[in-house]
Every structure is written in C-alpha cells, then in structure tokens.
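The structure appears right after this line, and notes come after that.
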Protein chains: 2
Amino acid sequence: MKIDPNSPADLSAQIANAIRDAIVDGTLIVDERLPSESELADHFEVSRPTVREALKRLAAQSLIRTQRGASGGAFVNRLSYTDAYSQQVTTSTLLLSMNAVSFETACEARYAMERACAPLSARRRSADHLATMRTEIHRQSQPGLTDEAFCASDVAFHRALVDGAGNPVLSYQLAGAVEAMQPLMNMITFTARSREAIVALHTTIAEAIETRDEDASIAALSALETETLGLARRVFAARSAGTPAASHPDDGESHAPEPRFKPRKTTSI
Amino acid sequence: MKIDPNSPADLSAQIANAIRDAIVDGTLIVDERLPSESELADHFEVSRPTVREALKRLAAQSLIRTQRGASGGAFVNRLSYTDAYSQQVTTSTLLLSMNAVSFETACEARYAMERACAPLSARRRSADHLATMRTEIHRQSQPGLTDEAFCASDVAFHRALVDGAGNPVLSYQLAGAVEAMQPLMNMITFTARSREAIVALHTTIAEAIETRDEDASIAALSALETETLGLARRVFAARSAGTPAASHPDDGESHAPEPRFKPRKTTSI
DNA sequence: CACTTTTCATTTGTCTGACATTTAAAAGTC
DNA sequence: GACTTTTAAATGTCAGACAAATGAAAAGTG
C-alpha cells in the first residue's frame with residue numbers, strides 16, 4: 001500500500017483509496033484489524049488527523065468499523081445486506097431528487113424491475129410473504145389513512161412481493177428502485193377512488209402470487225404501472241394548471257417552486 | 001441543524017448525519033456553499049478537525065465536493081449518474097465478494113433484471129446501441145482473447161443492451177447487477193466451445209433487439225442464463241473435484257481456499 | 001487456589017494552534 | 001485599459017496534547 005505525496009489529490013483520499021483497494025482485492029480480509037492510526041500515519045508518512053480523515057471516508061461507506069479501547073482499532077467490515085440496502089436507498093433517493101428525474105422514468109424503471117421479480121416470487125413466495133401482502137392491502141383499505149401512511153404501506157407491500165422471490169441480491173437491488181420512489185409517490189394525493197383502484201390491483205397481484213400464476217402477476221403489475229402513471233399525470237397536470245385543489249397544505253417555508261419532495265427518514269452514516 | 005454532545009455516537013458522525021439530512025430534505029440545495037469549516041466548528045461547538053472528519057464522510061458519498069482557495073469551500077454536489085453508478089458497482093461488488101453469494105443467486109438476479117430491460121431495449125434501442133452490441137460480439141469471436149478481455153466485452157455487450165432501453169434510472173440500477181458479476185465471471189475459464197455458445201446467444205439477442213422482437217429477446221436471455229449457469233456449475237464442480245485442469249495458474253499468494261475473486265479496477269473515493 | 005478489584009497500557013475521539021497551499025479578488029503599475 | 005502584484009480567505013496538513021473507553025494484566029482477598 002503506497003501513496004504518492006506529489007499527487008494533486010488529497011492525501012486522505014489517496015490513503016482511503018489504497019486501503020479500500022486492499023479490502024476489495026482481498027489483501028485485507030473481513031474482520032481483520034487494520035494497523036492503529038499511529039502506525040498507519042507512520043507507514044504513509046502523514047499525520048494522524050490525515051489518517052483519521054481517510055478512515056472516516058471508509059467508515060462512511062461501511063467498509064470499516066472502529067472500536068475504542070485497549071484491543072480496539074479499525075476492522076474490515078463485512079458489508080451486510082442491510083448496510084448495502086440503506087446505502088442503495090440513500091443513493092437512489094438523492095439521484096432522483098437531485099437530477100429532476102421524471103416520474104415516468106423512475107416509474108418505468110421500478111415496474112420493469114418488479115416485473116422481473118414477480119414470476120420468481122410467484123414460484124417461491126412463502127405463506128409469510130403472502131400474509132404480509134394481504135395485511136398491507138387491508139391496511140391500505142382503511143379510510144382514515146394519511147397519504148404518507150398509504151405510501152409506506154405501498155412500499156411494504158411491494159417489498160414483500162420482491163422478497164418473495166427469495167433472492168437477497170434481487171431484494172437489495174430492488175430496494176433502491178422501490179424505496180427511492182416513495183418521496184415521489186408522497187407528492188401525489190390519493191383520492192378515495194384512486195386508492196380503491198390501487199388496492200384492487202394489489203389484490204389482483206396478491207392473488208396471482210398466491211395461485212402461482214406468473215403471467216397474471218406480470219400483467220397486474222403492468223396494469224398498476226399504467227394506473228400509477230395516469231394518476232401522477234393527472235395530479236401534476238392539475239397542479240401546473242394552477243388548481244392545487246387536492247394538494248397538501250403548504251408549509252410556506254419551502255423555497256422550491258415545485259411540489260415539495262418529502263424524504264424518507266434517513267439512517268446513520 | 002443540531003447535534004447532541006452527550007450522545008454516545010461520534011460527533012463527526014452526528015455532524016455528517018445532520019448535514020446529510022439537510023441535503024436530503026432540501027434545506028441545503030445543489031451547488032450551495034456550506035459554511036466554512038471554522039464557521040461549522042463554531043456552530044456545532046466542536047473543533048475544526050472534527051468538522052473535517054464529518055465533511056470527509058460526506059465527500060466519500062459524493063454528497064459534497066470541496067474546493068480550495070479564496071471563494072472555496074464545501075459545496076453540495078449534484079449526484080451524477082456516473083457517481084451513483086460507480087458507488088453502486090463498488091457496493092454490489094463488495095456485497096457479492098464478502099457474503100459468499102452463490103453464483104446461482106447473483107446470476108439469477110442479474111438475468112431477471114436484464115429480462116426486464118430487454119423489451120424496452122427492443123422498442124427503443126438506437127442504431128448506436130445495436131452497433132456496439134455487434135462490435136462486442138465480433139470482439140468476442142476473436143480467438144486470441146484472454147478470459148478477462150472476454151468478460152469485459154461481455155459486460156460491454158450487456159451494458160449496450162441495458163442502455164438501449166433509454167432509461168437512465170434503469171441503467172444505473174442494472175450497473176451493479178451486471179458489473180458486480182464480472183469478478184465472478186472472471187473465475188470461470190471459457191473454453192472455445194463455451195465461448196461459441198455464448199457468442200451464438202449474444203447474436204440471437206442482438207437479432208431480437210434489431211428486429212424489435214421483445215419475446216425473442218427475453219427467451220434468448222433466459223437461454224443465456226441457463227448456459228452461463230451450466231457452464232459455471234461444470235467449472236466449479238471440476239475444481240472442487242480436485243481437477244483444476246482448465247483453471248488459471250494460481251499465483252500462490254492467495255490465502256483464500258476458493259478460486260480467487262478478481263476485482264475490477266476501482267475508481268476514486 | 002479461585003475470585004474480585006485495581007491498575008495500566010493501548011487505542012480511538014477530540015482539542016488547540018500553527019503553518020502550507022491554493023485561489024480569486026483587490027490593489028497597484030504601466 | 002491591460003497586466004502584474006499583493007492580499008485575504010479557505011482548505012490541506014502537521015505536531016502535540018488530553019480525554020475516554022476498554023481489555024488485560026497485576027494486585028489484593030477470601
């Protein structure tokens with residue numbers, strides 16, 4: 001592991017890259033302890049604060065974890081599905097919110113990927129997955145539900161559908177597509193009628209998954225995509241036409257001219 | 001933006017979370033300049049090194065960029081597709097390499113997602129995408145190609161297929177699935193016969209995309225999945241049976257008992 | 001000897017203060 | 001006015017120090 005002190009790049013970035021590469025290529029293996037900060041500082045011939053900045057960069061990506069105390073130090077972290085999942089969601093959420101990705105584009109990507117899961121889910125779903133889907137459908141039928149709670153339940157329903165495929169890699173990949181859509185969905189107001197349509201389609205999907213009907217599950221997802229897209233178009237058209245009749249009461253503090261993007265609660269760095 | 005000095009968590013982590021949340025929820029907007037490190041240190045009532053550690057955490061996630069000099073500072077970064085893409089690839093690669101994900105699982109996830117793209121690509125692909133696919137097929141037919149070059153070309157082919165769908169969100173999501181598989185694919189030795197089969201299937205896919213035959217593109221991808229899976233199984237079975245006949249010459253320095261995982265070259269943190 | 005308590009060395013977390021380097025803007029010069 | 005020089009502000013880096021956590025060894029105790 002070497003760095004170039006004459007490079008224009010920050011020393012801490014170079015050190016972080018060097019250590020990360022060592023992790024990625026297997027020189028440093030999971031749960032192995034890195035040298036102490038002082039030793040790293042000596043090795044790279046930099047000061048300890050510089051080493052620390054490098055370690056914080058790695059910690060931000062869940063590549064290492066640190067522990068204080070006698071036999072403490074920095075350890076190579078096994079990237080769990082949970083860690084990867086939350087990073088994926090954060091990245092996807094930011095990507096969508098910062099790049100003015102159209103609802104159409106995000107929606108299309110999401111449903112294309114869900115359709116990829118559906119047949120697998122139909123084949124493999126457990127009773128648990130099915131029960132979760134039914135529970136969420138029931139929740140979505142409750143009259144007093146807020147729009148945000150409705151969206152949250154929607155995400156839970158789709159997560160169960162995806163998890164039903166029994167492929168953790170697929171679940172992890174889909175996490176971004178499904179959860180990152182939630183802020184966009186939160187911008188939509190769901191009328192009683194539109195909720196009814198969505199619940200009906202969710203029911204169709206659940207039935208297809210229950211009867212292991214792969215084609216029906218795909219068809220129902222396509223129908224749901226069409227429904228969602230149409231709903232979003234109507235809502236946005238109504239707003240841009242200056243009739244924010246059914247819109248949320250604005251908090252007045254937003255500096256964005258567009259309907260506000262409502263982020264999910266975020267997890268720890 | 002507040003932090004709790006009595007929390008057990010690191011101050012730098014708390015500060016990073018506070019700033020990240022401000023970015024995610026829109027309090028800090030793209031290209032906005034953060035207060036200087038000294039001002040942030042005053043605001044949070046911590047020292048400048050602590051603030052710097054927090055900023056490095058954010059920089060590692062491409063949430064901010066820093067600039068030196070007079071009117072320099074830390075700026076909220078617009079997360080580009082390129083940034084998101086490379087983070088996605090790194091995370092996926094590590095997830096696969098550190099969690100002993102079976103080839104079957106990764107392969108299934110990848111092809112399921114690609115099948116989701118194929119119909120869209122058949123509908124929308126430009127002549128450019130098709131040309132890239134044809135070029136890569138031709139490259140893959142060259143006899144002198146190393147296994148790694150063959151894999152790289154394979155990735156390029158599939159990228160063109162995915163990009164053909166014309167949905168940047170989909171391309172970004174698929175990046176992880178396709179590229180993170182490359183190290184796994186690199187563990188496989190491709191015999192002339194297996195390359196032939198793969199090239200033939202690639203040709204079938206390209207033809208389906210060219211003639212805008214959605215169903216044929218999906219069928220060809222499924223066939224490719226079967227072929228890849230069978231190939232991998234044969235290779236791994238042969239190795240575990242103690243006949244590493246067609247395996248790579250081992251470098252002897254690997255401490256892993258399994259066939260070594262060959263990572264892609266990584267980009268900057 | 002077995003067990004508990006204390007001490008202690010190690011390591012990360014944080015602070016202070018300083019200097020180096022970069023960079024854009026202001027000031028000066030022709 | 002165009003060019004050069006100076007300057008100030010900001011990040012990047014350094015050195016040394018102390019605080020806090022923590023496990024292990026040492027000391028004490030029955």
Side-chain angles (χ1 to χ4, degrees), chain A residues 1-19 23 28 31-77 268-269, chain B residues 1-19 23 28 31-77 268-269:
Chain A
M1 285 199 296
K2 289 278 185 294
I3 61 171
D4 170 20
N6 298 326
S7 157
D10 293 355
L11 294 176
S12 69
Q14 289 185 60
I15 293 170
N17 282 330
I19 296 177
I23 294 174
L28 294 169
D31 292 333
E32 183 170 337
R33 183 181 173 283
L34 270 64
S36 74
E37 294 175 352
S38 307
E39 287 167 339
L40 286 172
D42 289 346
H43 173 79
F44 288 114
E45 297 179 327
V46 298
S47 66
R48 196 160 82 92
T50 303
V51 168
R52 282 183 60 78
E53 287 178 9
L55 295 181
K56 295 314 166 199
R57 295 176 113 108
L58 298 172
Q61 301 186 316
S62 304
L63 265 68
I64 62 169
R65 60 180 186 277
T66 55
Q67 210 172 356
R68 291 172 70 163
S71 57
F75 298 83
V76 178
N77 201 27
S268 176
I269 279 191
Chain B
M1 284 199 298
K2 289 280 184 293
I3 60 171
D4 170 20
N6 298 326
S7 157
D10 294 356
L11 293 176
S12 68
Q14 290 186 58
I15 294 170
N17 282 330
I19 296 177
I23 293 174
L28 293 168
D31 291 335
E32 183 171 338
R33 184 181 173 282
L34 270 65
S36 74
E37 293 176 351
S38 308
E39 287 167 338
L40 286 172
D42 289 345
H43 173 78
F44 288 113
E45 297 178 329
V46 297
S47 67
R48 197 159 81 90
T50 303
V51 168
R52 282 182 61 79
E53 287 178 9
L55 294 180
K56 295 313 167 200
R57 293 177 115 109
L58 298 171
Q61 301 186 316
S62 305
L63 265 68
I64 62 169
R65 61 179 185 278
T66 55
Q67 212 171 358
R68 292 174 68 164
S71 67
F75 298 83
V76 178
N77 201 27
S268 177
I269 279 190

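A, B, ... follow the sequence lines: proteins, then strands. Residue 1 opens every chain. In this text, all values refer to a predicted model and were calculated from it rather than measured experimentally.
Take the nearest nucleotide of DNA chain C for A/Leu34 and for B/Ser47: the residue whose nucleotide is more 5' is A/Leu34.
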Q. Taking only Watson-Crick and G-U wobble pairs with both distances under 3.5 Å, what dot-bracket line describes DNA chain C, where [ ] shows pairs that cross earlier ones and | shows pairs with another strand?
A. ||||||||||||||||||||||||||||||

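Partners of B/Glu53 by side chain to side chain donor-acceptor pair (under 3.5 Å), not counting sequence neighbours, listed by chain and number: A/Arg52.
B/Asp42 places its CG atom 17 Å from the P atom of C/dT14, with the value rounded to the nearest Å. Rounded to whole angstrom, the span from the CZ atom of B/Phe75 across to the C1' atom of C/dA24 amounts to 12 Å. Atom CD1 in A/Ile15 sits roughly 13 Å away from atom C1' in D/dC14 (whole-Å rounding). When the C1' atom of C/dG17 is taken as reference, atom CD of B/Glu37 falls 15 Å away, rounded to whole Å. Computed from coordinates, the A/Phe44 CZ to D/dG12 P distance equals 19 Å when rounded to whole Å.
Taking only side-chain atoms of A/Ala70, from C-beta outward, the nucleotide of D/dT22, C/dC15, D/dC14 with the closest atom is D/dT22.
Contact between the side-chain N/O atoms of B/Thr50 and the OP1/OP2 oxygens of C/dC15 is found at a separation under 4.0 Å. Contact between the side-chain N/O atoms of A/Ser71 and the OP1/OP2 oxygens of D/dG23 is not found at any separation under 4.0 Å.
Note that the CZ atom of A/Arg65 and the CG atom of A/Asp31 stand 4.5 Å from one another [nearest 0.5 Å]. Annotation: the span from A/Thr66 atom OG1 to A/Leu55 atom CG amounts to 8.0 Å, rounded to 0.5 Å.
Among all heavy-atom pairs drawn from B/Ala74 and B/Ile64, the shortest one is CB-CD1, 4.2 Å. Across all their heavy atoms, B/Ala60 and A/Gln61 have their closest contact at O-NE2, 3.0 Å.
Looking at A/Gln14 and A/Ser7, their side chains come closer than 4.5 Å, going by heavy atoms from C-beta outward. The shortest side-chain heavy-atom distance between B/Ile15 and B/Leu40 does not fall under the 4.5 Å cut-off.
A salt bridge (Lys or Arg N to Asp or Glu O under 4.0 Å) with B/Glu37 is found for one member of B/Arg48, B/Arg68, B/Lys56 and no other, namely B/Arg48.
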Q) Taking it one step at a time, do B/Asp42 and B/Glu39 satisfy side chain to side chain contact (heavy atoms under 4.5 Å, CB included)? A) CA-CA 5 Å; B/Asp42 289 345; B/Glu39 287 167 338; 5.5 Å; no

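Taking every heavy atom of residues 52-69 of chain B and every atom of DNA chain D, pairs under 4.0 Å involve B/Arg52, B/Lys56, B/Thr66, B/Gln67, B/Arg68, B/Gly69, by number.
At a cut-off of 3.5 angstrom, counting only N and O atoms as typed in the model, there is no donor on one side facing an acceptor on the other between the side-chain of A/Arg48 and the base of D/dT13.
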